[in-house]
Amino acid sequence: MNNRTRSRRLRDNEKIRNLVRETSVNTSSLIYPIFIQEGKNIKEEIPSMEGQYRYSLDQLPFRLEELAIKGVQNIMLFGIPDHKDEIGSGAFHEEGIIQKTLLQSKETHPELFYIADLCMCEYTSHGHCGILKNGKVDNDTTLEYLEKIAVSQAEAGADMIAPSDMMDFRIGRIRDELDKRGFQNLPIMAYSAKYASSFYDPFRAAADSAPACGNRKSYQMDFHNRKEAIKEILQDISEGADIIMVKPALSYLDIIREAANEIHVPLAAYSVSGEYAMIKGASGAGYIDEDRIVAETTISIFRAGADILLTYYAEKIIDLIHKGWI
Ligand code: PBG
């Protein structure tokens with residue numbers, strides 16, 4: 001027996017454990033998603049996502065101030081409009097909720113980096129991520145609307161556009177349209193491997209965006225598939241995506257690792273509402289320790305190969321970084 005290679009030597013005390021730590025997290029790699037809704041004086045807790053709120057525009061600056069002081073640097077914006085219709089016109093209206101949010105926030109908190117989620121499901125009366133034709137989401141008609149939304153978000157001042165609709169060819173079409181309008185330098189973060197997942201349910205309750213009929217399986221990916229994720233990612237890169245994303249995160253660590261091995265652009269992972277809600281629920285019941293579980297799950301996502309993490313736990317993760325836990 002070879003007893004010269006004792007693994008426990010490097011685990012003997014905290015100093016040496018810190019010395020050989022392989023994975024760490026930077027505050028600058030975190031993106032915090034936030035929900036903005038029409039109205040006044042609203043700060044309403046989202047029942048399915050304890051500790052997360054919907055804000056009206058007049059309340060938003062106070063929240064952004066808090067986040068900036070905490071050290072959060074990147075914000076993903078989700079809008080909840082007053083009015084929904086068949087074509088999701090609130091998504092590209094000059095005075096749409098996201099457009100107003102961008103204009104205001106670039107003014108009040110220009111130090112933050114604003115990413116606009118580009119999708120139609122919060123804006124359509126039927127709750128699907130595109131335009132319906134004969135009861136199905138029509139890919140090529142939807143592309144025309146995605147172009148419009150991208151341009152309106154760019155004009156309102158978005159720092160990055162993040163298409164989450166999963167239509168084919170959207171990245172190329174949005175890239176061309178942005179370039180044509182003079183936004184050559186506006187980056188695109190593509191939700192490339194976005195699975196049709198039950199982990200989004202708390203978000204859909206928050207954003208009131210559940211499909212009125214059917215589901216999203218004809219455009220979001222089947223969770224039985226792995227190779228297909230790499231195909232989607234490579235296609236988005238070839239169409240001009242600057243950053244690609246895998247979503248959800250925790251049940252898809254294998255996909256994150258495979259993507260990290262395969263590609264040479266920054267890789268983001270979205271730890272979605274259901275992942276947050278499960279930790280909240282179980283820690284609220286006293287079954288697990290919230291801080292320790294957040295530390296461990298966060299590290300697992302970066303260890304799998306993510307460079308960037310979208311998370312409702314951004315503030316807690318910053319606390320954990322300061323405590324030296326991660
Ligand atoms: C919009 C969108 C969704 C999420 C992000 N962008 C919902 C969906 O696809 O149904 C989910 C985010 C989360 O669950 O935290 N299409």
Side-chain angles (χ1 to χ4, degrees), residues 30-37 46-54 74-81 84 88 90-92 96-98 115-124 126-131 137 139 142 145-146 149-150 153 158 160-167 170-171 174 188-223 232 243-252 268-281 297-298 301 308-314:
L30 302 172
I31 300 174
Y32 179 69
I34 194 162
F35 300 91
I36 304 102
Q37 77 176 76
I46 301 166
S48 53
M49 300 174 71
E50 192 195 327
Q52 302 299 315
Y53 297 79
R54 300 170 175 166
N74 309 294
I75 308 284
M76 171 74 102
L77 299 171
F78 290 105
I80 304 159
K84 302 189 189 227
F92 52 87
I97 181 73
I98 285 301
I115 307 161
D117 179 83
L118 195 169
C119 196
M120 301 182 72
C121 63
E122 297 111 274
Y123 303 90
T124 50
H126 44 74
H128 277 288
C129 304
I131 304 295
V137 174
N139 195 85
T142 302
Y145 286 87
L146 298 177
I149 303 171
Q153 292 176 336
M160 182 154 76
I161 307 278
S164 67
D165 52 280
M166 287 301 276
M167 297 303 120
R170 78 238 207 254
I171 301 302
I174 292 169
I188 297 177
M189 174 166 72
Y191 288 70
S192 302
K194 177 174 178 179
Y195 285 86
S197 170
S198 296
F199 282 99
Y200 309 149
D201 287 358
F203 173 97
R204 290 180 189 169
D208 186 23
S209 65
C213 57
N215 53 50
R216 303 208 204 291
K217 288 185 184 173
S218 79
Y219 39 103
Q220 299 180 350
M221 282 183 53
D222 182 343
F223 63 75
E232 286 278 8
I243 300 175
I244 66 98
M245 191 202 295
V246 173
K247 178 184 171 198
L250 281 184
S251 290
Y252 298 84
Y270 196 146
S271 184
V272 300
S273 54
E275 300 174 32
Y276 175 84
M278 288 199 308
I279 298 176
K280 273 284 169 203
T297 51
T298 301
I301 297 164
I308 296 166
L309 176 62
L310 293 101
T311 172
Y312 302 98
Y313 271 125

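First listed ligand is number 1; within each ligand, the first listed atom is number 1. Just so you know, residue 1 is the first one in the sequence shown, and it goes up from there.
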> So, for Ile174 and Pro163, which heavy atoms are closest and what is the spacing to 0.1 Å?
Replying inline: CD1-CG, 3.8 Å

>> With heavy-atom distances below 4.0 Å as the criterion, list the atoms of ligand 1 near Tyr270.
In response: 12 (C), 15 (O)

> Which pairs with one or both residues in residues 189-212 pass side chain to side chain donor-acceptor pair (under 3.5 Å), sequence neighbours excluded?
Replying inline: Asp117-Tyr191, Ser192-Asp236

> Taking the non-hydrogen atoms of Tyr276, is any one of them nearer than 4.0 angstrom to ligand 1?
Replying inline: no

> Just which atoms of ligand 1 are under 4.0 Å from any heavy atom in Arg216?
Replying inline: 8 (C), 9 (O), 10 (O)

> Considering only heavy atoms of Tyr312, which atoms of ligand 1 have at least one such atom less than 4.0 Å away?
Replying inline: 12 (C), 13 (C), 15 (O)

> For atom 12 (C) of ligand 1, which protein heavy atom lies nearest, and how many Å away is it?
Replying inline: Phe203 CD1, 3.4 Å

> Can the ring centroids of Phe223 and Tyr252 be said to lie less than 6.0 angstrom from one another?
Replying inline: no

>> So if I count the atoms of ligand 1 from 1 in the order they appear, which ones are less than 4.0 Å from some heavy atom of Lys194?
In response: 1 (C), 2 (C), 3 (C), 6 (N), 8 (C), 9 (O), 16 (N)

> Under 4.0 Å from any heavy atom of Cys121, which atoms of ligand 1 are there?
Replying inline: 1 (C), 16 (N)

> What class does the angle between the rings of His128 and Tyr219 fall in, given that below 30° is parallel, 30 to 60° is tilted and above 60° is perpendicular?
Replying inline: perpendicular

> Rounded to the nearest 0.5 Å, how far does CD of Gln52 lie from CD of Glu50?
Replying inline: 10.0 Å

> Please state which protein non-hydrogen atom is closest to atom 14 (O) of ligand 1 and give its distance, to 0.1 Å?
Replying inline: Ser273 OG, 2.7 Å

> Do the ring planes of Phe35 and Phe203 sit parallel (below 30°), tilted (30 to 60°) or perpendicular (above 60°)?
Replying inline: tilted

> Any idea which protein heavy atom is nearest atom 10 (O) of ligand 1, and the distance to it?
Replying inline: Arg204 NE, 2.6 Å

> Does the side chain of Met160 reach to within under 4.5 Å of the side chain of Ile243, using non-hydrogen atoms?
Replying inline: yes

>> Tell me whether Glu275 reaches ligand 1 (any heavy atom closer than 4.0 angstrom to a ligand atom).
In response: no

>> Could you tell me, atom by atom, which parts of ligand 1 come under 4.0 Å of a heavy atom of Asp117?
In response: 6 (N)

> Which heavy atom in Gly130 sits nearest to a heavy atom in Met120, and how many Å separate them?
Replying inline: CA-SD, 3.8 Å

> For ligand 1, which atoms have a heavy atom of Lys247 less than 4.0 angstrom away?
Replying inline: 2 (C), 3 (C), 4 (C), 5 (C), 6 (N), 11 (C), 12 (C)

